[in-house]
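All values below were derived from every heavy atom in this structure, side-chain atoms included, with hydrogens, water molecules and symmetry-related copies excluded. Below, chain A is the first sequence line, B the second, and so on; all start at residue 1.
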Protein chains: 2
Amino acid sequence: MLHVAEAARVSVATVSAYINGTTTVSQELSGRIEQAIREIGYKRNAIARSLKLGTTRTIGLTVPHITNPFFTDVVSVIQQAFDRAGYAVMLCCTDEDLNNQDEQIRLLLDRMVDGLIIARVGDGAYLKETVERANVPVVLVDREVDGVDSDRVVLDNHQAVFEAITYLLELGHRRIGYITGAFNITPMRDRMTGYHEALLNAGVAFDQSLVRSGDLHEADGYTAAMQLLSLHDRPTAIFSANNPMVVGAMKAIRDLGLSCPEDVSVICFDDFPWADVFNPQLTTIAQPVQAIGEQTASLLLDRLNGNREAPSRRLVLKGRLMVRNSCRPVQALTSVPTVVAASST
Amino acid sequence: MLHVAEAARVSVATVSAYINGTTTVSQELSGRIEQAIREIGYKRNAIARSLKLGTTRTIGLTVPHITNPFFTDVVSVIQQAFDRAGYAVMLCCTDEDLNNQDEQIRLLLDRMVDGLIIARVGDGAYLKETVERANVPVVLVDREVDGVDSDRVVLDNHQAVFEAITYLLELGHRRIGYITGAFNITPMRDRMTGYHEALLNAGVAFDQSLVRSGDLHEADGYTAAMQLLSLHDRPTAIFSANNPMVVGAMKAIRDLGLSCPEDVSVICFDDFPWADVFNPQLTTIAQPVQAIGEQTASLLLDRLNGNREAPSRRLVLKGRLMVRNSCRPVQALTSVPTVVAASST
DNA sequence: TGACTAGTTCGAAACGTTTAGATTAGCTTT
DNA sequence: AAAGCTAATCTAAACGTTTCGAACTAGTCA
């Protein structure tokens with residue numbers, strides 16, 4: 001900017017005024033400045049600007065996995081929304097590691113992000129303190145955290161799972177395997193209560209041996225399903241609390257020479273784009289990813305636009321059961337587990 | 001930092017020296033500074049630091065779509081690599097829009113990113129000029145661009161498609177539908193030459209009517225497949241040049257009451273994690289996403305670590321044909337297109 | 001004619017760091 | 001005791017902006 005000022009024979013203050021349109025600059029000087037800018041190929045240094053202005057027009061976004069299609073979709077929507085609003089997005093993936101995420105949040109705050117969107121991977125001792133200290137608005141998405149009272153948008157996990165399990169019960173299933181993640185994040189807790197209540201509601205006893213917990217990855221789903229399907233009285237249906245784990249579960253079914261839905265019905269949390277073109281077409285609980293992303297972005301943008309003092313807002317969206325063909329009525333089960341032509345290769 | 005200095009009764013220079021370990025600071029002052037930092041909850045302002053140092057420890061990453069599993073995987077790997085190296089990643093998605101991407105690159109450069117990773121969505125007039133002006137290292141990934149001679153990592157697209165098409169030809173297919181994206185990006189051009197050469201090699205005439213071009217989205221694949229399968233002499237196999245389009249193609253097959261592989265064999269570019277658990281298990285060309293991400297990151301990190309003058313490097317990786325069960329020998333085709341029990345719902 | 005106003009332009013401080021070079025204090029050395 | 005080191009600390013400039021308030025120039029009004 002100094003160079004531009006010199007070339008145009010004006011002061012830097014005038015160049016700044018011209019660029020930002022803060023004061024009227026005469027025709028003559030405008031011309032000279034414009035030309036100098038072009039000749040020099042000047043670009044305003046956003047870092048210096050940020051330092052002075054105290055705002056970076058950048059937000060931080062931290063999610064557990066970007067390869068999980070749910071988060072992919074949400075991140076994509078959020079990214080677009082902030083793009084439109086003229087903000088850049090710094091993306092961090094934490095691989096479900098709490099220390100990792102704390103570290104990343106620290107990094108983002110050091111970089112003076114204007115706001116933070118967090119899908120929290122664990123509990124919130126550090127988060128709580130940080131959020132209070134750093135004076136930036138935070139929006140939690142997908143996962144709430146005890147004691148942190150920021151804006152948040154979550155799903156009605158309880159209700160969604162209640163419906164899914166009820167659907168299985170109505171099909172006649174009584175032994176429903178349940179594959180979950182650890183209970184240190186709210187969705188897993190809430191989904192579990194949905195399972196409980198659906199059973200209770202139908203008068204079916206809860207059986208702890210039908211519940212397997214993993215770390216949300218595909219491999220965990222595989223292990224869990226292997227165990228469940230090896231029980232002497234194996235479940236007729238399996239529910240997986242997220243998408244990567246259901247892939248593992250399907251592999252377990254395949255490797256055991258079973259097939260879905262003939263031998264075991266399957267439902268999973270989170271939909272994916274090609275669920276209805278391959279077989280079995282998985283019955284899933286679809287989260288309204290578009291809405292989740294948009295609401296999350298708009299909550300944060302609202303704060304960034306100055307609405308700092310409003311009480312914290314909690315948005316709860318509804319999931320939707322997408323019934324396809326991965327679940328069968330239980331009486332139609334093949335009684336003898338035949339090795340069906342499951343796959344070659 | 002000023003506050004810390006005052007509280008510890010030292011100068012800011014000393015605080016800086018202590019924090020960065022640039023000079024030895026006496027036991028006594030260290031203690032006072034440490035305490036002051038804790039009491040105040042001081043965090044170093046990375047923006048001010050960047051301004052002074054001229055480096056932001058941030059890189060920019062711009063890709064067409066993050067929902068395409070190929071890019072998801074690559075982004076994920078790159079993100080992890082830079083995370084480990086202590087860099088933040090600014091992510092932009094361009095939705096295949098050239099102006100959009102130019103604008104985003106401008107934004108990233110304004111923010112003084114230390115480096116840029118670009119999966120280019122079109123040609124490179126603007127890119128070329130920008131890259132030369134802005135003095136930051138650039139690595140191109142997946143797509144090369146004419147006239148831009150930066151480091152890049154790409155796939156041997158020609159060879160990969162040659163193999164895939166040859167595989168179909170060996171199965172007896174002669175009419176192979178080809179769904180591509182526009183030819184303004186190198187992978188689409190190179191994949192097409194692979195198709196050409198495979199046909200040539202097998203002595204099969206090239207038929208322009210079997211080639212349909214779209215904009216890489218699912219909807220384009222749907223339209224293209226619809227057209228191909230409505231030809232009076234419809235193809236016995238379809239190749240899709242990317243993943244989203246094959247989903248559309250599969251939907252078209254389903255909607256026409258056809259089935260894969262019985263009525264039409266299908267191969268697509270880009271693998272996805274659950275390709276082998278659902279049916280048909282798609283035969284795909286798997287890109288080594290892990291390697292692509294790692295190589296891309298390491299090329300850029302190498303430049304960032306000071307190796308600025310080395311001649312530009314071009315890494316070419318090999319794809320791998322993942323044969324599953326979405327392709328059948330052509331003589332086994334059902335001669336009369338029966339409406340197979342494709343799906344309910 | 002002198003004071004006031006409106007419209008432009010500019011000088012300089014400030015944002016929060018880093019760092020070169022100056023200063024100081026405490027030891028050695030001769 | 002003076003000179004020379006070394007180690008620790010500080011002063012002040014710099015990074016590239018924005019912005020407050022001052023200054024200048026015309027034009028307007030009493």
Side-chain angles (χ1 to χ4, degrees), chain A residues 1-34 36-37 40-58 86 88 106-114 133-136, chain B residues 1-34 36-37 40-58 86 88 106-114 133-136:
Chain A
M1 184 176 272
L2 180 62
H3 297 129
V4 172
E6 280 169 359
R9 303 187 309 276
V10 299
S11 74
V12 290
T14 308
V15 177
S16 177
Y18 170 73
I19 291 177
N20 297 309
T22 43
T23 329
T24 47
V25 174
S26 72
Q27 198 69 32
E28 190 190 346
L29 266 51
S30 294
R32 295 217 302 264
I33 293 171
E34 183 58 40
I37 286 177
I40 297 183
Y42 167 76
K43 316 202 87 195
R44 179 164 67 186
N45 181 321
I47 295 294
R49 186 160 209 265
S50 292
L51 178 59
K52 182 66 182 149
L53 259 35
T55 164
T56 51
R57 291 232 131 214
T58 301
R106 209 169 302 147
L107 215 81
L108 290 169
L109 289 174
D110 285 356
R111 281 187 167 78
M112 303 224 320
V113 290
D114 290 343
R133 274 206 149 139
N135 195 25
V136 304
Chain B
M1 185 177 272
L2 180 61
H3 296 129
V4 172
E6 282 170 356
R9 302 187 309 278
V10 300
S11 76
V12 290
T14 309
V15 177
S16 177
Y18 170 73
I19 292 177
N20 298 310
T22 43
T23 331
T24 47
V25 174
S26 72
Q27 199 69 33
E28 189 191 345
L29 266 50
S30 295
R32 294 219 302 264
I33 293 172
E34 183 58 41
I37 286 177
I40 296 183
Y42 167 78
K43 318 202 85 193
R44 178 164 67 185
N45 182 323
I47 295 294
R49 186 160 209 266
S50 292
L51 178 60
K52 182 66 184 152
L53 259 34
T55 165
T56 50
R57 289 234 132 214
T58 301
R106 210 169 300 147
L107 215 82
L108 290 169
L109 289 174
D110 285 357
R111 281 187 168 76
M112 303 224 322
V113 290
D114 291 343
R133 275 206 148 139
N135 195 26
V136 303

* Nearest whole angstrom, please: distance from the P of dC10(C) to the CE of M1(A). => 13 Å

* What distance do I33(B) atom CD1 and E28(B) atom CD have between them, rounded to the nearest 0.5 Å? -> 10.5 Å

* L51(A) has an atom CG; how far is it from atom C1' of dA14(D), in whole Å? -> 12 Å

* Structure fact -> Heavy atoms of R106(B) and K43(A) approach each other most closely as CG-NZ, 2.8 Å

* Please report the closest heavy-atom contact between R111(A) and T56(B), naming both atoms and the distance. => NH2-O, 3.2 Å

* Distance, rounded to the nearest Å, where R111(A) contributes CZ and dG16(C) contributes C1' -> 16 Å

* Separation of dT17(C) C1' from K43(B) NZ (nearest whole Å) -> 16 Å

* Check each residue of residues 12-34 of chain A for a non-hydrogen atom within less than 4.0 Å of any atom in DNA chain C, then write out the ones that pass by number, or none. => A13(A), T14(A), T23(A), T24(A), V25(A), S26(A), L29(A)

* **Nearest listed nucleotide, side chain of Y42(B), among dT17(C), dT11(D), dT18(D)** => dT17(C)

* Asked: When rounded to the nearest 0.5 angstrom, what distance separates CG in D114(A) from OG1 in T55(A)?
  -> 3.5 Å

Donor-acceptor contacts, no H, no angles, side chain residues 14-21 of chain A, under 3.5 Å, sequence neighbours left out:
from: T14(A); atom 1: OG1; to: S11(A); atom 2: OG; distance (Å): 3.1
from: S16(A); atom 1: OG; to: N20(A); atom 2: ND2; distance (Å): 3.3
from: Y18(A); atom 1: OH; to: E34(A); atom 2: OE1; distance (Å): 2.6
from: N20(A); atom 1: OD1; to: R44(A); atom 2: NH1; distance (Å): 2.5
from: N20(A); atom 1: OD1; to: R49(A); atom 2: NH2; distance (Å): 3.4
from: N20(A); atom 1: ND2; to: S16(A); atom 2: O; distance (Å): 3.1

* Structure fact -> When rounded to the nearest 0.5 Å, the distance separating OG1 of T24(B) from CG of L29(B) is 11.5 Å

* Asked: What closest approach, in Å, do V25(B) and S30(B) show between heavy atoms, and which atom pair accounts for it?
  -> O-OG, 3.3 Å

* Structure fact -> Here the distance between atom C1' of dT18(C) and atom CG of L2(B), to the nearest Å, is 15 Å

* Would you mind reading off the distance between D110(B) atom CG and dG16(D) atom C1', rounded to a whole angstrom? => 13 Å

* To do: Give one of base, sugar-phosphate or nothing for L53(B), where a contact means two heavy atoms less than 4.0 Å apart.
  => sugar-phosphate

* To do: Just compare dC10(C), dT18(D), dC10(D) and give me whichever is closest to any side-chain atom of V10(B).
  => dC10(D)

* **Value in whole Å for how far the P atom of dT17(D) lies from CZ of R49(B)** => 21 Å

* Specify the separation, in whole Å, of atom NZ of K52(B) and atom P of dC15(D). => 7 Å

